[in-house]
**Q** 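Sharing a structure here in structure tokens format.
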Amino acid sequence: MLFPAEPFKIKVVEAIQKTSFEERDRLIRQAGYNVFMLPAEKIYIDLLTDSGTSAMSDNQWAGMMIGDESYAGSRNYFRLEETVRDIFGYQYIIPTHQGRMAENLLFNAMLKPGDIVPNNIHFDTTRANIEYNKGIALDLVIDEGFDPDTELPFKGNMDLRKLVRVIDQHGPQKIPLVMITITNNSGGGQPVSMENIRQTRVLLQKYNIPLIFDACRFAENCYFIKEGEHGYHNKSLKEIARELFSHGDGCTMSAKKDGLANIGGFLALNDPQIAEKATNLLIIVEGFPTYGGLAGRDLEAISRGLQEVLNEDYLHYRISQVRYLGQLLLEGQVPILRPIGGHAVYLNAKAFLPHIPKSQFPGQALAAELYRSAGIRSVEIGSLMFGHKDRETGEDVFPELELVRLAIPRRVYTTMHINYVAESLIEIYKKRYQIKGLKLVYEAPFLRHFTARLEEVDS
Ligand SMILES: *Cc1c(COP(=O)(O)O)cnc(C)c1O
């Protein structure tokens with residue numbers, strides 16, 4: 001397969017520092033084998049997340065200089081409104097400081113206690129905001145979406161039979177909205193097909209249930225549709241996006257992903273009553289409706305980013321770069337989740353480190369080793385993030401999948417950086433049996449992975 005070269009040249013550079021093995025060995029011990037506790041300056045390649053880490057273009061930076069910081073009625077808001085209406089087609093645009101606030105406003109406006117919100121797979125902030133607003137979050141992705149090895153082009157699809165069953169069981173009055181996350185982040189960045197979205201829409205119309213997209217990676221999803229779904233090859237990405245969003249009633253958006261911005265988000269809706277409720281809360285928790293939680297310059301960067309992200313050459317390069325890393329790893333026999341998703345490559349740590357039991361956090365051990373050996377930061381999505389004690393028996397419960405995510409920031413790293421990541425991982429794979437398991441020495445009661453401290457197990 002041929003991969004495209006970067007469709008940009010570099011005007012501004014940021015130095016990154018290569019440290020010695022000895023320094024990294026000391027730093028990772030000091031950090032309690034937790035990559036969240038490392039100083040970012042001591043990281044050579046940072047693949048912790050693709051959120052808020054995009055490189056902005058010269059066009060976006062130029063937009064920052066024409067930020068209108070008026071308290072009310074900033075011109076940058078009107079430009080964002082125009083851009084979102086143009087691409088997404090929704091009427092009411094509510095700017096927020098990031099995606100999770102759009103979620104909170106939406107659920108606050110739409111949920112009653114005990115209501116059910118289905119999704120393909122809820123992202124963790126989405127689930128948390130539903131539960132915070134006393135609702136119940138259900139994950140109804142197709143069964144293959146939970147299997148790390150099934151190759152399927154649209155593994156993020158909603159399972160319509162499961163959805164019908166949930167509606168029949170609870171009644172449509174208990175389901176104020178259904179969500180679809182594009183691409184399905186928690187399921188490995190897998191896309192959802194237009195056909196699946198259309199069928200979901202048809203089903204929901206029978207019951208008068210609104211469909212709201214979690215649109216964080218909408219452009220990447222549209223690229224997968226253009227590439228892999230019959231009838232879309234000759235459509236422009238913007239046409240595909242418009243068609244996709246026409247099947248829904250609104251969306252939540254984190255501009256830190258496909259907004260190509262470092263901060264920001266919005267809620268977009270067609271229903272004036274829900275928009276009014278959300279706006280009333282916005283004024284209490286974020287700010288005036290024409291800036292939300294953002295500066296005028298941020299609004300401008302987002303509206304320019306939303307236009308750039310649908311550029312065909314950009315998306316071809318973007319998806320190809322992630323795929324390129326995945327293919328290098330597959331060629332080097334390194335076990336990864338397949339197919340390769342839109343924004344990240346996921347290492348299968350259970351297969352990578354078969355000698356380390358789940359109780360000794362193989363994913364975290366691999367993430368720590370990747371930093372120690374090569375200065376690369378990744379993130380564990382496994383026993384440390386999701387493991388917990390059973391409430392009744394007190395026994396340890398571990399998740400099915402033990403993954404390490406290599407999220408690729410947009411427009412930040414070159415092909416040579418990607419080669420370096422792949423080569424480092426292939427080297428580590430060759431000496432994998434030297435890697436030791438870890439044990440917890442400190443854990444917080446909630447979201448323990450952020451602050452946990454660990455030590456190597458002597459075996
Ligand atoms: C990042 C993300 C969010 C939350 O957005 P923030 O800007 O981080 O608050 C919601 N849903 C998905 C799918 C995401 O990836």
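Residues take their numbers from the sequence shown, with the count starting at 1. We count ligands from 1, going down the list as the structure has it; atoms in each ligand are counted the same way.
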**Q** Considering only heavy atoms, which of Asp214, Thr49, Ile182 lies nearest to atom 11 (N) of ligand 1?
**A** Asp214
**Q** Charged N to carboxylate O below 4.0 Å: is that the case for Arg323 and Glu227?
**A** yes
**Q** Between Tyr71 and Tyr291, do the side chains contain a donor N or O and an acceptor N or O under 3.5 Å apart?
**A** yes
**Q** Provide, to 0.1 Å, the distance between atom 4 (C) of ligand 1 and the closest protein heavy atom, together with that atom's residue and name.
**A** Thr125 OG1, 3.5 Å
**Q** Pick out which of Gln364, Lys358, Glu402, His388 makes a side-chain hydrogen bond (donor to acceptor under 3.5 Å, both in side chains) with Ser383.
**A** Glu402
**Q** Under 3.5 Å between some N or O of ligand 1 and some N or O of Gly99?
**A** yes
**Q** How far is atom 5 (O) of ligand 1 from its nearest protein heavy atom, and which residue and atom is that?
**A** Ser254 CB, 3.3 Å
**Q** Among Asn419, Thr415, Thr414, which one satisfies side-chain hydrogen bond (donor to acceptor under 3.5 Å, both in side chains) with His417?
**A** Thr414
**Q** Run through Leu152, Asn120, Leu160 and flag the one making a side chain to side chain contact (heavy atoms under 4.5 Å, CB included) with Ile142.
**A** Leu152
**Q** Of all the atoms in ligand 1, which lie at a distance below 4.0 Å from a heavy atom belonging to Thr181?
**A** 13 (C)
**Q** Nearest non-hydrogen atom to atom 10 (C) of ligand 1 belongs to which of Glu103, Arg100, Met179?
**A** Glu103
**Q** Once rounded to the nearest 0.5 Å, what's the spacing between atom CG of Asn184 and atom SG of Cys216?
**A** 11.5 Å
**Q** Considering only the protein, which heavy-atom contact is closest to atom 2 (C) of ligand 1, and what is its distance?
**A** Lys257 NZ, 2.4 Å
